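First the structure, in the form of structure tokens, and then the observations on it.
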Amino acid sequence: MKIVMKFGGTSLTDGEGIKRVVEITKTSLLKEIKIVIIVSAMASITDSLFEVISRAELGDLEYIKDFIGKLATIHHNAVKVTVNDKEILEKAMSEINALVKELERILFSVSYLREATPRSRDYILSFGEKLSTAIVCAAFQNQKFEAYWFTGGEAGIITDDNFGDAKPLMNITTQQVKEKINPLVEEAQIPIITGYIARTQDNVTTTLGRGGSDYSATIIARALDFDEVWLWKDTDGIMTADPKIEPMATTIPIISYSEAIEMAYFGAKVIHPKALEPVFEQQIKVRIKNIFNPNGLDTIIEKHPWTNTDKIVKSIVMIRDVAMVTVSGTEMIGMPGIAAKVFGILGDNKINILMISQSSSEANISFIVPRGDLNNIVNVVESALLGSVVKNIYSESDICVVAVVGVGMKGIPGVAAKVFKAVADEGINVRMIAQGSSELNISFVVGEENDVRTVRALHKEFQMDKFNRSVSLI
Ligand code: ASP
Ligand code: MG
């Protein structure tokens, strides 16, 4: 059995977290499982790197110095807790110091230029993973494992140069990853690879988008043709709903690749939206496991969608940071090309649209966008469209989207009726509805004040607290 294990930032809060990573991996190694490890940056480090880039662009040297000091301390502390072998400790400390020094120099140059290009951003962001991976590697060596660490690029993940959201070039990646990593796996050594970061064919550092370590893990698994990918997070697998909203939420035993993609698309923080692409064809199973409860329930993501449970609806996802924009005008009725125009403008401005609906009278089109971009979006749409057939543009930001996801809804009549009856029985007004043509989800908009009640009503209606695990684990 060969497994890629990925440890996310929540597994890596401090030295204790890193020790847990080693312990968990050890259990599998004792069972003669071959392992490649992917490591994210320590908790919240990537966020803080984004922040320091903005400060550097303002020329805030004091902030940079203070940041660098704190960054060094966090990583020094983590390594001191995990490593007691003097030689390994010294080597890891000097690796950390060299990385931190280099990062400081780069941040100073950004602050003189007052500008970070997409390319230099990615380089700066890569330090989070390089620091954490160096420490995790030292922690394994400290336990007498033959472990080696690599950046994603060194391990052979090659991408295009779309900085910030780079796409892997799978053919060359497969070839290079095999060449570099396979010999170690065969020798039962432990390759430890930075998540999130990769490089172009010209050796320039790129990143795979936020949360991209999941993606690194599946890219490596596909390249090496491994059996499974285990993504270690801080919940018992993928839950039927956010347990902070619905205390009755429970672990979904098995879901299909397409359901998981649908959920990720709707912003459920279960997995990077693109991470299942590399493993889909080869049908490499992905498990979501809890670092704090390694023997507890987990979720398997695999091909077979429907043999596994008796549930029509598997998950309820709620997205809060969104706003609704409505474009209207009676002259829009029967006028071809209006929708193309609206969405063309949004596309040209790289605006991400979550949902679209058009009333059958055709007098208005509504769409859902990230709330943070709302002002910009309204300005763009107003200047391009107002005064033509579009008479009004209005927006609302006190809304949220609820998406009900499950492949069992496909072809089963009455699911939508059940969804909306449950919501209506709570006296909650539905403002907009959309159903993907895949029939994997029904999504709708309610006022933000009704968010929790909506999720709970649906959870109850579809009896989602009672998953039939014996059926599901066949
Ligand atoms: N450290 C990166 C991020 O926070 C990648 C990851 O955690 O998967 O987005
Ligand atoms: Mg992270």
Side-chain angles (χ1 to χ4, degrees), residues 4-14 17-18 20-21 36-54 67 70-71 74-75 78 96 99-100 103 116 118 121-137 149-153 155 157 159 162-168 192-199 205-221 229-235 238 260-261 263-265 267-279 286-291 301 321 352 370 372:
V4 175
M5 297 222 190
K6 173 252 161 175
F7 295 93
T10 44
S11 314
L12 307 164
T13 41
D14 51 17
I18 293 172
R20 207 173 293 124
V21 166
V36 172
I37 294 176
I38 308 291
V39 182
S40 290
M42 287 180 74
S44 77
I45 295 296
T46 307
D47 289 339
S48 66
L49 287 167
F50 272 98
E51 177 64 27
V52 75
I53 293 172
S54 325
F67 169 82
K70 286 182 184 146
L71 189 75
I74 291 171
H75 291 87
I96 294 171
L99 285 167
V100 166
L103 176 60
R121 275 173 186 277
D122 272 9
Y123 192 59
I124 294 169
L125 294 169
S126 74
F127 281 83
E129 268 70 12
K130 286 191 270 200
L131 286 162
S132 61
T133 308
I135 299 176
V136 170
C137 186
W149 79 269
F150 308 87
T151 62
I157 303 181
T159 65
N162 188 14
F163 296 104
D165 194 17
K167 195 171 159 22
I192 306 182
I193 304 169
T194 61
Y196 185 47
I197 58 181
R199 67 173 172 85
T205 300
T206 53
T207 63
L208 301 170
R210 290 308 305 271
S213 304
D214 291 347
Y215 203 7
S216 311
T218 56
I219 293 167
I220 295 283
V229 177
W230 291 11
L231 304 176
W232 290 94
K233 312 232 165 188
D234 60 351
T235 51
I238 301 178
I261 290 170
M263 288 177 68
Y265 171 77
K269 297 227 160 19
V270 289
I271 191 163
H272 184 288
K274 292 188 204 140
L276 293 170
E277 268 170 33
V279 290
V286 177
R287 277 176 202 267
I288 313 282
K289 298 181 76 74
N290 188 353
I291 184 96
I301 309 177
D321 290 327
N352 180 23

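Just so you know, ligand 1 is whichever comes first in the structure, and atom 1 is the first atom listed for that ligand. Predicted model only: the values in this text are computed from it and were never measured.
- At least one N or O atom of Arg210, backbone or side chain, sits closer than 3.5 Å to an N or O atom of ligand 1.
- Defined by atom type and a distance below 3.5 Å, a donor-acceptor pair is missing between the side-chain atoms of Thr205 and Ser126.
- Proximity of His272 to ligand 1 is not established, as no heavy-atom distance is less than 4.0 Å.
- The side-chain heavy atoms of Ile135 and Val39, taken from C-beta on, include no pair separated by under 4.5 Å.
- The Glu129 neighbourhood of ligand 1 comprises atoms 1 (N), 2 (C), 5 (C), with distances under 4.0 Å to a heavy atom of that residue.
- Within the listing of ligand 1, atoms 6 (C), 7 (O), 8 (O) sit less than 4.0 angstrom from a heavy atom of Ser40.
- Within the cation-pi definition used here (under 6.0 Å to the ring centroid, within 45° of the axis), Lys130 qualifies as a partner of Phe127.
- For ligand 1, the atoms sitting less than 4.0 Å from at least one non-hydrogen atom of Thr46 are 1 (N), 2 (C), 3 (C), 4 (O), numbered in the order shown with element in parentheses.
- For the ligand labelled ligand 1, residue Gly9 lies outside the 4.0 Å heavy-atom shell.
- The closest approach between a heavy atom of Gly195 and any atom of ligand 1 is not below 4.0 Å.
- Polar contact check, Ser213 against ligand 1: a nitrogen or oxygen pair lies under 3.5 Å apart.
- Heavy-atom minimum distance, Ile38 versus Gly195: CG2-CA, 3.5 Å.
- Using a 4.5 Å cut-off on side-chain heavy atoms (C-beta onward), Thr218 and Asp214 make no contact.
- We find that Asp122 and Arg199 are not joined by a salt bridge, their nearest charged nitrogen and carboxylate oxygen being 4.0 Å or further apart.
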